[in-house]
2 protein chains.
Amino acid sequence: MLGSMSMDVGELTKGERTRAAILHEAARLATVGGLEGLSIGGLAKATGMSKSGLYAHFGSKEELQLATVEAARVSFMKEVVAPAIQSTGAGRARLRALCDGFLSYVERRVFPGGCFFVVTSAELGSRPGPVHDRVALYQRQWSGALLEAARAAGANGELPAGVDAEQLAFELGALLAGTNIVTVLHSDADAVERARVAIARRLEI
Amino acid sequence: MLGSMSMDVGELTKGERTRAAILHEAARLATVGGLEGLSIGGLAKATGMSKSGLYAHFGSKEELQLATVEAARVSFMKEVVAPAIQSTGAGRARLRALCDGFLSYVERRVFPGGCFFVVTSAELGSRPGPVHDRVALYQRQWSGALLEAARAAGANGELPAGVDAEQLAFELGALLAGTNIVTVLHSDADAVERARVAIARRLEI
DNA sequence: CCTACCGATCGGTAGG
DNA sequence: CCTACCGATCGGTAGG
């Protein structure tokens, strides 16, 4: 009790800080080598810990993978989704902000291999299991955020005539994922610019 | 010389047939577990061979990976590119046929994990080396095929007013890659239908 | 193409 | 959180 009095609300214990630093490194490694390619020994070396130290935190490789996915989700929410929601009202401007936020997130290389969820969706797409399901859940939530914004835009009368919100949200999501792959594969920043042009034209902004 | 007289042109020797069967299985495994996840031992079990039998064919894991990429390219050319070129003249119809051929190829699950080059582009995007470079080369050739068809369509006056061929080819390529990821991740055939709608509208066909 | 083997690394555990 | 260890599997080789 006395010990806990020295912590302000929102501060992290030493163990929590260590855990967060491990997971940040794990997410970085996973965008380069995949979640299956992530090894306990490699992560131990990268964080300066022992393997068994990591097992003390996570118990198993699968638990580490799941915790890494959670950490990547927190990062994605903070870097992409939250700024778009805070800076715009529901509708076309928010849809645009979500797309631009994603492209900026890729361009800034928040993770060295690009978007964590594009890489792991491609990696785990046909590998059933709990990690697949978690990645698929968060991918659906991202698609859901695009769809919600598109529907609000439609309800606001902000979409071009004849544009269906579900179709639009799908096309934007697929474009962003495809752009991430091409950008990283060819270290080609032009792809991000082309995606911005596509988005602006589709939204007539 | 006498031995070779029993082979017609285009026939394969026993060693060549074995090699082709190994690489077909390797490409299948790689679309599920990745080219790095492809192990010599696992491939040996899947093909009923010994590990050293595989080394006799390929020499090293990297050579096996490169040979697998080549085999996947042959499959992609045969399944997607060649039919589009044979069935259409240069221009908008060919661009449409390339896109539809890709979607059909994903839908038919020629490989269990979807398009080999989408999976490996995402996997190797930020892992430099000869295998990355080969995958990137063939991805560029695919983009080039889309671009060539789009330019011919523009020259034919078959594109909607104000549509730039390079921009169009980029958008279609990104859409197809993104569609592959979503389709496989969620086992969702609706995504392919949405992609077809998007393509038809973009090409006004 | 095979058996038999190599050192290194894998995920994971015992015991502290 | 550590050292020290486990069996299994990794990529690769020797010798045939």
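We name chains A, B, ... by the order of the sequence lines, and we start the count at 1 in each one.
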For the residue pair [X] and [Y], establish whether any side-chain heavy-atom pair is separated by less than 4.5 Å.
X	Y	result
A:Val106	A:Thr179	no
A:Glu63	A:Leu66	yes
A:Arg73	A:Phe117	yes

Ring pair (Phe, Tyr, Trp, His ring centres under 6.0 Å) assessment of A:Phe76 paired with A:Tyr138: CA-CA 10 Å; A:Phe76 190 84; A:Tyr138 294 148; 9.9 Å; no
Can you tell whether the side chains of B:Asp100 and B:Arg96 come within less than 4.0 Å, N to carboxylate O?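 Yes.
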For B:Arg19 and C:dC1, what is the distance between atoms CZ and P respectively, to the nearest whole Å?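 Atom CZ in B:Arg19 sits about 12 Å away from atom P in C:dC1.
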Do the side-chain N or O atoms of A:Ser50 get closer than 4.0 angstrom to the phosphate oxygens (OP1, OP2) of D:dC2?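 A:Ser50 to D:dC2 OP1/OP2: side-chain N or O found under 4.0 Å.
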Could you write nucleotides 9-16 of chain C as a row of B, S and -, 5' to 3', where a protein heavy atom under 4.0 Å of any base atom gives B, of only sugar-phosphate atoms gives S, and otherwise -? -SBBBB--
Is there a Watson-Crick or G-U wobble partner for D:dA4 with both distances under 3.5 Å, and if so, which one is it?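 Matched D:dA4 with C:dT13 under the 3.5 Å cut-off.
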